[in-house]
Amino acid sequence: MDAIDSSLVDWSRAQFALTAMYHWIFVPLTLGLGVIMAIMETLYVRTGREFWKQTAKFWMKLFGINFAMGVATGIILEFEFGTNWSNYSWFVGDIFGAPLAIEGIVAFFMESTFIAIMYFGWNKVGKGAHLASTWLTIIGATLSAWWILVANAWMQYPVGMEFNPDTVRNEMVDFAAVALSPVAVVKFCHTVTSSWVLGAMFVVGVSCWYLLRGRHTDFAKASIRVACWFGLVAALLTAHTGHQSGRDIALHQPMKLAAAEGLYEGGTSQGLVLGGVLTPGVDWAAPTEQNRFLFQVEMPCALSFLATHELDGYVPGIRNLLEGGYPLLAGGVVLSAGEKMQRGRTAIAALATYRTSRDAAEKQVALKTLRANFDCFGYGYLKSPAELVPNVPLTFYSFRIMVMLGGYFIALFAGLLLLGKYIMRWKWALLLIVLTTPLAWLASQAGWVVAEVGRQPWAIQGLLPNVAAISRLDVGSVQTTFFIFLGLFTLLLVAEVSIMACAIATGPETDNTAA
Amino acid sequence: MNDIFLLQHYWWFLVSLLGALLVFLMFVQGGQSLIWTLGRTEEHRRMLLLATGRKWELTFTTLVTFGGAFFASFPLFYSTSFGGAYWVWTLILLCFVLQAVSYEFQLRRSNLLGMNTYRVFLFLNGVLGPLLIGTAVGAFFTGAEFVVDKLAVTNPAMPVISRWANPLHGLEAALVPQNLLLGLSVFLLTRLLACLYFLGCMADAALRETCRCRLWMEGAFFLLFFLTWLGYWLTSTGMGYMLDGLVYPVQHKYLNNLLDMPGVAGVLLVGVVLVLAGLVQGLRGWRKAFWLAGPGSVLVVLALLLCAGWNHTAYYPSVVDEQSSLTIANSSSSLFTLRTMTVVSFFIPFVLAYIAWAWRALDKKPITPDEVE
Ligand code: HEM
C-alpha cells in the first residue's frame, strides 16, 4: 500500500462517527438527568420528605441504566484516536493527549468513585455525604465534558502550539491558551446547557406519560415542575450560547458557516436563512446556472450581523472562500484555495529537505521556507480545492433542525410553566409531549453533525486533513470493526431501551409518601 | 541530567504505576472469571457480583486513565501500538464494553438477553481482559513488528509514520510463548487476588471457605507460570540505547537493569515477598491477606515496567527495525507538555485519598446475603 486508499479514510470516519453518535445518545442524558436528580436529592435533604428521596431514587435508577451505556461507548472513543487516527495522535498528541489525561485523573475518578457511593451508600454514609457524592458524580461528569470539549475545540480552532521540525509534530507552548480557549468555553457552555435541555425533556416526557396513564400523578407533577424550570433556563442559555457558537464559526471556520447557511456567493449585508429547501444534486464546489434553493425565507442582513456585528458586514460564501481575493478585517487579502495548496506543498517539501539534507545552510533555508508557509501546511495534502467543501445539505438541514427545535423546547417549557394546569388535563397535549421527547436527541445529534461534518475535510482545522490523520490499516479491518461496533452497540441500545421502558413502567415508589 | 530526562523518567514511573494499579484492580476481572467456580448458588453468585460490582468502575477508570496518561506522555507509543496492533487493542476494548453494561443490566427486568448472557459477558471480560492485556504488555519485553519513519509525513500520498509489519495486526503477540506466559500469569494473579478479596469482604463463612480452598489452585498455577516467565525474562536479550538514540541489543538486559537499579530490584523483591505472604496468609484464612498480596502485586508490576523503560532500555522494541524501537526518550511529549502534566499529577494523591475514603465507606461492613435482596 503506497498510497492511502480513500475508502480507508471514509470507513475510519464512518467508524468514528458511528461510535461518537452512539456515545452521544447517552452522555447528554447523563449530564442533564444528573443535575435534575441531584436537585431532587437536595430537596430531600432540605425538606426531609421521603417523597423527594423516592423521586430522586427513581431518576437515579434510570440514570444508572443510561450511565452504563455511556461508559461502554466512551472507552472506544478514547482509544480510537490511537487505533484509527494514529498519525493524528503523533502529529498533535503533544497537545491533544493532555486534556484526555487530565480528564481521566481529575474527572473520571471523581465520577466513578462517587457514583459507587451514590448507588451503594444510602445506608452506609450520612445524608450529607450522600448528597455530596451525588453532586460530585455529576460535577465529575461535567468536568470530563469540559476536558473533552477542550480537546474538540482545539481541533476546530488550534491554538497554543508550534510546529517542531525535529520531532515532526506540533508541540504545546501555551497550556492556558489550549485549556481556556474562548472557543472551548463557548463549546462547553453550549454542549452542557443543551444537554440539560435534553435531560429536562426526558423527565418531562416520562412524567407526561404517567399523567396520561393517570399513574404517579403527584410524582409526575413535581418532576415536571423541577424539570421545566431547569429546562427553561437551560434552553434560553442554549440559544444564547448557540448564537455565540455561530459567531465563533464565522470567525474561525467560515467554510462551516457558509455550508450551514447554504451560502455560495457571499457579500455584504447577507441575510440569514430561516428556512428553505436546497435544490437537490447541485455541485456546491463549482459555479452553476441553477438556483441553489428551491425556496428560502431570509431575515435580511442578519447573517452579516451575526458574523461581523455589523448589518452590512462582509460574509464570504463557498465560492469566495475557494477563490480568495476578498479583504480581511485584520488587513491583507485572502489567498485562493489553489494558492494555499501550493504553499502547503512548498512547506511539506521544505520539511523533507530539512529532514534529509546534510548541508547546514540548505537546512536553514528549508527551515525558513517551512516557517513562512506553515500556516498552509495541511493544504499540501489536498488534491483539489473541491475537497475543501463539506457536505452542504447535511450541514444546512442539521443546523435548521437544531435551531428550530431549540425554539420548540423554549416554547414547551415556558408553556408548561405558565399553562401547566390546563395542559396537564389535555390528553392530546400530553401525548404530543411524550411523542416529541426524542426530538431532544435529534437536536443534539444535529448539533454535532453541524460541528463535525461542517469542518470537513479537516481533522484539525487548516492543519491536518483526515487523509493525513489516519492509521495505516487495511480497509477490511476497519470495515469489520465498524460492523462489529454497529451490531454490538445496536444490540445493547435495544437492551437498554427495553430495560429503561420496563423501569419506567414499574414507576417510582412515591405513591405511599405524601407529595 | 536535565529537565526532559528527569520528566521522561517521572512519567514513565507514573504510567508504570497506573499500569501496576490496573493489574491490581483487575481482581474485579479475576472475580468475574470465578463467578461459577466460587458461586455455587444463586445467592453466592449475587454476593460475588455485588462485591466486584462496587469496584468495577474503579478498574475501568484506571484503564482509561492509563490510556490517557500514556497518550499525553508518550504519544508515539499510542500512535504506533494502537494503530498497529489494532486487533489486540480492539478486542481488549470490546471485552471492556461488555463489562460496562453487564453489571447494571444483569439483574434488570426486560434486559433482552437474559441474566446469564450478561454473566457470560462478565466472565468473558474476566478471562480475556487480563489475558490480552498481559499478552500485549508481554510485547514490551519481546518486541513487536513495526516501523516508524517520521519522514513519511512529507509524502502526501502516504503520510502515515507508523507501519505495522505483520498482517495479523497485533494478534501475532499471542503466538509468542513468553507473552502468553505473562498473559496467563496476569490472569491467574487477578483470580488469586479476587479470592483474597472475597475472603475479606464476605460475611458468609461457607463462601469464604470456598474462596480459601480455591487459592491453592490459583496460587500454584500462578507461581508456575510467573516463575517460568520470570526465568525467561531474566535471561532474555533486550534493547538498550545510547545517548544519541542509537538502539542496540543487550544480552540479559533486564537482569542488568535490576543489578544497575538496586532500588527497583528491591521493589521487585518486596513485591514478590508480599504476594507470597498474602497467598500463604490467605490459605491460612487471614481475612486481610488481600492487603498484602494487592500492594505486593502493585510493586511487582511497577518494578517490571520500570525495568522495561528505565536505564536506557527500549520499552517497545521493534523486531523488524531496531532503530524504530520506542524509548522513553524518542517517544515522549515535549518538555513543556511533560511539565504541564507534572503539575496535574500533583492531584493524584488527592484522588487516591478520596478513593480510599469511598472504599472504606463501602467495605466497612462485610457483604451479607440479605444485602443482595
Ligand atoms: C436555539 C438555538 C441554537 C443555536 C443558534 C445553535 C447554534 C449552534 C452552532 C452554531 C453550533 C456549531 C458550533 C461549532 O461548530 O463549533 C452548534 C453545535 C451544537 N449544538 Fe446548537 N444551537 C441551538 C440549539 C441547540 C439545541 C436545542 C441543542 C440540543 C438540545 C443543541 C445542541 C448542539 C450540540 C450538541 C452541538 C455540538 C457541540 C458544539 O459544537 O457546541 N443546539 N449549535
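Residue numbering restarts at 1 for every chain, and letters A, B, ... go by the order of the sequence lines. The figures that follow rest on heavy atoms only: side chains count, while hydrogens, waters and symmetry mates do not. Since we're looking at a predicted model, the values are computed, not measured.
Aromatic ring orientation, B:Phe13 versus B:Tyr10: parallel (interplanar angle below 30°, classes split at 30° and 60°). Classified by interplanar angle (parallel below 30°, tilted 30° to 60°, perpendicular above 60°), the ring pair B:Phe70/B:Phe77 is parallel. Note: B:Tyr316 and B:Phe146 have parallel aromatic rings, judged against thresholds of 30 and 60 degrees for the angle between ring planes. Ring pair A:Phe96/B:Phe71 is tilted by interplanar angle, where 30° to 60° counts as tilted.
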Legend entry - Pair A:Thr19-A:Glu80, side-chain hydrogen bond (donor to acceptor under 3.5 Å, both in side chains): steps then yes or no: CA-CA 9 Å; A:Thr19 44; A:Glu80 242 169 355; 2.8 Å; yes

Legend entry - CA sep, side-chain torsions, deciding dist, call: B:Tyr78, B:Phe74, ring pair (Phe, Tyr, Trp, His ring centres under 6.0 Å): CA-CA 7 Å; B:Tyr78 209 77; B:Phe74 301 100; over 10 Å; no

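Both the backbone and the side chain of A:Glu496 have a heavy atom closer than 4.5 Å to some heavy atom of chain B. Residue contact with chain B, scored on non-hydrogen atoms closer than 4.5 Å, involves the side chain of A:Phe489 exclusively. Contact annotation for A:Arg345: neither backbone nor side-chain heavy atoms come within less than 4.5 Å of a heavy atom of chain B. Residue A:Val467 touches chain B through its backbone alone, counting heavy-atom pairs closer than 4.5 Å. Using a 4.5 Å cut-off between heavy atoms, A:Met110 touches chain B through backbone and side chain atoms alike. In this structure, chain B has a heavy atom under 4.5 Å from the backbone of A:Asp174, while its side chain stays farther away. Heavy atoms of A:Tyr88 lying under 4.5 Å from chain B are absent altogether. With a 4.5 angstrom heavy-atom cutoff, A:Phe377 touches chain B only via side-chain atoms.
Per-residue counts of heavy-atom pairs under 4.5 Å with chain A were compared for B:Tyr354, B:Phe350, B:Phe60; the largest is that of B:Tyr354. Ranking B:Gly67, B:Pro75, B:Ser334 against chain A, the residue ahead of the rest is B:Ser334, based on heavy-atom pairs under 4.5 Å. Ranking B:Ser102, B:Ser332, B:Ser162 against chain A, the residue ahead of the rest is B:Ser332, based on heavy-atom pairs under 4.5 Å. Interface check for chain A: of the options B:Asn155, B:Thr80, B:Ile355, the most heavy-atom pairs under 4.5 Å are formed by B:Ile355.
The closest donor-acceptor contact from the side chain of A:Thr481 to the backbone of A:Val478 lies under 3.5 Å.
A salt bridge between B:Lys55 and B:Asp363 is present, with a side-chain N of the basic residue lying under 4.0 Å from a carboxylate O of the acidic one.
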